[in-house]
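Notes to accompany the following structure.
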Amino acid sequence: MASSSSSSAVTERRGIPGSQFVEDVQTYLNQLGLDVNSALAFLQERLQQYKVVEMKLLAQQRELQAKIPDIEKCLEVVATLQAKKGTGEELITDFEVSEGIYSRASIEETDSVCLWLGANVMLEYSLEEATALLQKNLDNARASLEVLVADLLFLRDQTTITQVTIARVYNWDVHQRRTQQVAATAIAQE
């Protein structure tokens, strides 16, 4: 067999280490200076690290997927307020006071809105500033989501490569033991 180098280079993506596809297990073990059990332990540890990172990325993805519709809803509300501006009409709406509790409100013409920024901070913005800020936040959230999806795809590839490597190392070890056993049996019969 040729070498243990992979067909695609071992890379890193945003702190996620890349995995190496092992073509020749013996060369791979020699390069690492490990025996089979140590190599399997190392690979299992790497697999567990990938699973931990995957859980964190999936949690971030869920947060962003929940945040994007909220930002879009806020943009719609600000757009509605801008559309009603100058018409002299009141806007009648229901808003959520608490989870599952709504109240009806009559909103007179306004030039500003208060946006909840988090960490117990709320600021008043003009309608134009609020639209710009919300649009920027929406664009950032969508871009972050795209990066997270790419990270998850990369991570899944690395997990698959590691699982295949574990299987190859294990199977190689089983084959080596059987070969040694057959050789020992042949020597004993002579």
Side-chain angles (χ1 to χ4, degrees), residues 1-79 96 99 113-123 125 128-174:
M1 301 234 156
S3 69
S4 68
S5 65
S6 63
S7 55
S8 63
V10 176
T11 60
E12 182 178 336
R13 178 177 170 89
R14 294 183 3 111
I16 303 169
S19 250
Q20 180 181 17
F21 178 76
V22 175
E23 293 178 23
D24 181 5
V25 175
Q26 182 65 52
T27 305
Y28 173 74
L29 293 174
N30 290 341
Q31 283 178 348
L32 291 180
L34 298 174
D35 64 348
V36 172
N37 291 333
S38 299
L40 286 172
F42 168 76
L43 291 168
Q44 288 289 352
E45 182 179 331
R46 175 64 58 89
L47 190 60
Q48 289 304 316
Q49 291 170 349
Y50 285 151
K51 290 182 188 234
V52 168
V53 171
E54 182 180 26
M55 296 296 288
K56 289 179 183 178
L57 291 178
L58 287 171
Q60 290 175 2
Q61 183 183 29
R62 281 190 300 274
E63 289 173 13
L64 281 173
Q65 287 173 332
K67 184 189 253 187
I68 289 173
D70 289 343
I71 296 171
E72 289 172 338
K73 197 183 308 181
C74 289
L75 270 169
E76 288 175 20
V77 169
V78 172
E96 190 171 15
E99 189 173 329
V113 293
C114 294
L115 295 179
W116 184 262
L117 301 179
N120 292 327
V121 176
M122 182 179 279
L123 288 178
Y125 290 94
E128 294 76 21
E129 289 173 332
T131 301
L133 176 68
L134 290 169
Q135 189 61 51
K136 178 182 162 206
N137 289 349
L138 181 61
D139 293 341
N140 288 342
R142 286 180 176 156
S144 294
L145 186 59
E146 285 179 25
V147 169
L148 272 175
V149 167
D151 287 348
L152 281 167
L153 290 174
F154 175 79
L155 187 62
R156 287 186 181 127
D157 287 345
Q158 302 318 302
T159 299
T160 302
I161 291 169
T162 303
Q163 289 170 335
V164 167
T165 301
I166 289 170
R168 288 178 64 88
V169 170
Y170 180 80
N171 290 341
W172 178 85
D173 185 45
V174 169

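Fair warning: this is a prediction, and the values are worked out from it, not measured in the lab. The basis for the numbers below is simple: all heavy atoms, side chains too, and nothing from hydrogens, waters or symmetry mates. The first residue of the sequence shown is numbered 1, and numbering continues consecutively from there.
- Applying the side chain to side chain donor-acceptor pair (under 3.5 Å) test to Gln44 and every residue at least two apart in sequence or in another chain returns nothing.
- Looking at every heavy atom in both residues, Ser19 comes nearest to Tyr50 through OG-OH, 3.5 Å.
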Side-chain atoms of residues 58-69: list all donor-acceptor pairs with protein atoms under 3.5 Å, sequence neighbours left out, distances to 0.1 Å.
none

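- Put simply, the side chain of Tyr28 never gets that close to the backbone of Phe21: no donor and acceptor are under 3.5 Å apart.
- Scored by the side-chain contact (heavy atoms from CB on, under 4.5 Å) test, Met122 finds Cys114, Trp116 as partners (sequence neighbours excluded).
- Asn30 pairs by the side chain to side chain donor-acceptor pair (under 3.5 Å) definition with Gln26, not counting sequence neighbours.
- Put simply, OG1 on Thr160 and CG on Leu47 are 9.5 Å apart, with the number rounded to the nearest 0.5 Å.
- With sequence neighbours excluded, no residue satisfies side chain to side chain donor-acceptor pair (under 3.5 Å) with Asp157.
- Listed by first and then second residue, the salt bridge (charged side-chain N to carboxylate O under 4.0 Å, His left out) pairs involving residues 40-53 amount to none (not counting sequence neighbours).
- Taking the side-chain contact (heavy atoms from CB on, under 4.5 Å) definition, one finds that Val52 meets it with Lys56, sequence neighbours left out.
- Using a cutoff of 4.0 Å between basic side-chain nitrogens and carboxylate oxygens, Glu23 and Arg168 are not scored as salt-bridged.
- Taken from CZ in Phe42 to CG in Asn37, the straight-line distance is 15.0 Å, to the nearest 0.5 Å.
- If you take OH on Tyr170 and CG on Leu43, they are separated by 14.5 Å, rounding to the nearest 0.5 Å.
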Using atom types as modelled, flag every donor-acceptor pair under 3.5 Å from a side chain in residues 132-152 to any protein atom, sequence neighbours excluded.
{"unit_1": "Gln135", "atom_1": "NE2", "unit_2": "Asp139", "atom_2": "OD1", "d": "3.1"}
{"unit_1": "Asn140", "atom_1": "ND2", "unit_2": "Lys136", "atom_2": "O", "d": "3.4"}
{"unit_1": "Arg142", "atom_1": "NH2", "unit_2": "Glu72", "atom_2": "OE2", "d": "2.5"}
{"unit_1": "Ser144", "atom_1": "OG", "unit_2": "Asn140", "atom_2": "O", "d": "3.0"}
{"unit_1": "Asp151", "atom_1": "OD1", "unit_2": "Arg13", "atom_2": "NE", "d": "2.5"}
{"unit_1": "Asp151", "atom_1": "OD1", "unit_2": "Arg13", "atom_2": "NH2", "d": "3.3"}
{"unit_1": "Asp151", "atom_1": "OD1", "unit_2": "Arg14", "atom_2": "NE", "d": "3.4"}
{"unit_1": "Asp151", "atom_1": "OD2", "unit_2": "Arg14", "atom_2": "NE", "d": "2.5"}
{"unit_1": "Asp151", "atom_1": "OD2", "unit_2": "Arg14", "atom_2": "NH2", "d": "2.9"}

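- The shortest distance between side-chain heavy atoms of Thr165 and Gln20 does not fall below 4.5 Å.
- In this view, Val36 and Leu29, Leu40, Val169, Trp172, Asp173 satisfy the side-chain contact (heavy atoms from CB on, under 4.5 Å) rule, not counting sequence neighbours.
- Contact detail for Val113 and Ala130: the closest heavy-atom pair is CG2-CB, 3.5 Å.
- Partners of Val53 under the side-chain contact (heavy atoms from CB on, under 4.5 Å) rule, at least two apart in sequence or in another chain, are Ile16, Leu57, Leu155.
- Remark: Thr159 engages no residue in a side chain to side chain donor-acceptor pair (under 3.5 Å) (not counting sequence neighbours).
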